Amino acid sequence: MNMKKLLSILMLSWAFVCGQAQQSVDMDWWREGRFGMFIHWGLYSVAAGEWNGKPVDGIGEWIQNFAKVPNNEYEKLADKLTLAKYNPEEWVKLAKQAGARYIVFTTKHHEGFCMYPSEVSDFDIERTPYKRDPLKELVEACRKHGVKVGFYYSHRQDWREEDAAVMQNEYDGHYGKPKSEVKPNLDRYIREKALPQMRELLTRYGKIDLLWYDTPFDLTKEQSRTFVNVVRELQPECIVNGRVGYNLGDYGALGDNEMPCSRVNMDLEMVATMNHTWGYKKNDQNWKSPKDILCSLIECASRGVNYMVNIGPKEDGTVPQPSIDIMDFIGRWMQKNSEAVYGTTGNPFNDNFPWGYVTHKGNVIYLHLLREPLNRCIALKGLSTSITKAEILASGKKVTVTNQSYPVLTVPAHLNYDEIPVLKLVCKSPVRFSEDNYMNENVVSIPVASGKIIPGKEGSLTIAEGGNTQNFHAGTGKLQLKCVIDEPGTYKVRVFTSRHWRRSFAEGARITLKVDDNTPFNSVLMKKDGELSNVRQNSYPETWSDIGTVHFKQKGTKGLELSVNATGTFSRLGFFGEDIQNESEKNIRFMRIELIKEAH
């Protein structure tokens, strides 16, 4: 057998082994858990958002880039990374008491500093006053308390290494020379540093449950595959996240703080900050409220998505008190209501209950109430199975149900909505749901993900992982939607779009919306009439445009057809932080359309 043929057989065998390993990855614990805790900790924790005594704009872990600090200056921070109060068991208890089922720890962020002793590079924890291995201690604490453990590793960006330079996103000076003199060799970086460090992480610490890569940027598909293969080889049961690149991970990739806009039918994970930064930044006191963070966890569960919330410890290892308070708040709620999160499969109804969110498991439905429903009444249109038992999950107090053509609930008076009460509904099996978009509290909400795509002359729009449209412009077709109108009358038409925070609202965008056989909205100019105020506002702002009203003379099922005449133009608000999906500029990111019944 000649060498070329032998090499071909070996490559095919390796591909088969990798494929078999990927198929055997157990996602059950991850899907069941739904909730994790992220930890960002590194030299940036010492800087804490300041350089030379002056605050630096931007997220804390990118301070070297934003403050334009050369490597020979930045590395001096290692002397001040004391870990003097580091207690990994406290961190794990914080996560576990909040109900988090897994922890992901930053072993190396973009700064290139390893938070463990590495034989591949001397830019590691051994430069600090701490003479032990903090990663080993955290892994041991996780195992002691039954919490799954994951490692974050920045596989594409490494500001310590010229070979890993990403010229568009970096300032002129990391390496002490002009950009024109920096000649990166990414293959060499992967071969000589990234893969050897991955082997260290995957062989030193026993079983690892999750490997979390980040910012694939300009990796080739084969380079991304290399980072999957090393995990398959050394830790076949370890889950690989979506940011390895090219959809090669075991679940998809969302952007930072990006929430899907409807229920999804694939494995996804939202990663979220508690304030506006990941690494510790002492001047960032824009803490999200504990209730808002809890609502994000619940909303993720209602979308069928995991939620991983971040803490950014200080250089000495202490966790900022607001982070502790938030995790404690979540923990108190989870002690009483965790069954409405763990193992759930998302909202089986249309995504339009104004009072809150819905999760589902087997023959049980959970209603998470963020506010009192209108007239304390909930009509579960689309549920054709009767409810045999209804109660407040935390207290067991019974809830009145009337089973008609669909169940109607009477919510008890004087519930504490600050604590987000949950109604537990036990149904007859099998449970049957309609996917029609019904009206609730005078609003019909129509997710774009529920539509039928009609391709155009230049290809086809698609629905992104987050449930929004992508590649939607004049040449890529139309989106056909349906809804059920309960009452004749006049309805305001409100169109919701989102964008990445580094893009302005698109000026000059025009759309056409047909309603049944009529075209009441022909090449309508989209205006920014309002923006939702929520925890995602600084990452993926959600904007609405009121394009007019439509009158329905009769109730019944109505058809809508959405198309784009012009995508408009937006202003780039900088190069850092572009969305991880590398979204096309020729796209309007539609989320949903709402029909809001006007009062007589």
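It should be emphasised that the depicted structure is a prediction, and the values quoted were computed from it without experimental measurement. What you see below is based on every heavy atom in this structure, not just the backbone, and it leaves out hydrogens, waters and symmetry mates.
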Residues forming a salt bridge (charged side-chain N to carboxylate O under 4.0 Å, His left out) with Arg188, sequence neighbours excluded: Asp163
For Lys177, what residues pass the salt bridge (charged side-chain N to carboxylate O under 4.0 Å, His left out) criterion, not counting sequence neighbours? Glu162
Which residue, Arg592, Arg589, Arg536, forms the salt bridge (Lys or Arg N to Asp or Glu O under 4.0 Å) with Glu542? Arg536
Please confirm whether the ring centroid of Tyr152 lies under 6.0 Å from the ring centroid of His40. yes
Which residues pass the salt bridge (charged side-chain N to carboxylate O under 4.0 Å, His left out) test with Asp57, sequence neighbours left out? none
What do you reckon, are the aromatic ring centroids of Phe472 and Phe590 less than 6.0 Å apart? yes
Only counting residues at least two apart or in another chain, list the ones meeting side chain to side chain contact (heavy atoms under 4.5 Å, CB included) with Lys93. Glu89, Gln97, His145
ring-ring contact (aromatic ring centres under 6.0 Å, His included) test vs Trp41 passes for just one of Tyr86, Tyr130, Tyr280, Tyr116, namely Tyr86
Does the pair Lys282 and Glu50 meet the rule for a salt bridge (Lys or Arg N to Asp or Glu O under 4.0 Å), with working shown? CA-CA 8 Å; Lys282 63 183 178 183; Glu50 292 185 352; 3.3 Å; yes
Taking the cut-offs as 6.0 angstrom to the six-membered ring centre and 45 degrees off its axis, would you call Arg101 and Phe35 a cation-pi pair? no
Pairs touching residues 238-262 that satisfy ring pair (Phe, Tyr, Trp, His ring centres under 6.0 Å), sequence neighbours left out: Trp30-Tyr251
Out of Phe105, Tyr205, Tyr102, which residue meets the ring-ring contact (aromatic ring centres under 6.0 Å, His included) rule with Phe151? Tyr205
Using the test salt bridge (charged side-chain N to carboxylate O under 4.0 Å, His left out), find all partners of Arg156 that sit at least two apart in sequence or belong to another chain. Asp218
Are Asp325 and Gln321 close enough that a side-chain donor and a side-chain acceptor fall under 3.5 Å? yes
Using 30° and 60° as the class limits, which term best fits the ring planes of His109 and Tyr44: parallel, tilted or perpendicular? perpendicular
Trp212 ring center within less than 6.0 Å of Phe38 ring center: yes
For Leu186 and Ala164 the tightest heavy-atom approach is CD1-CA, 4.5 Å
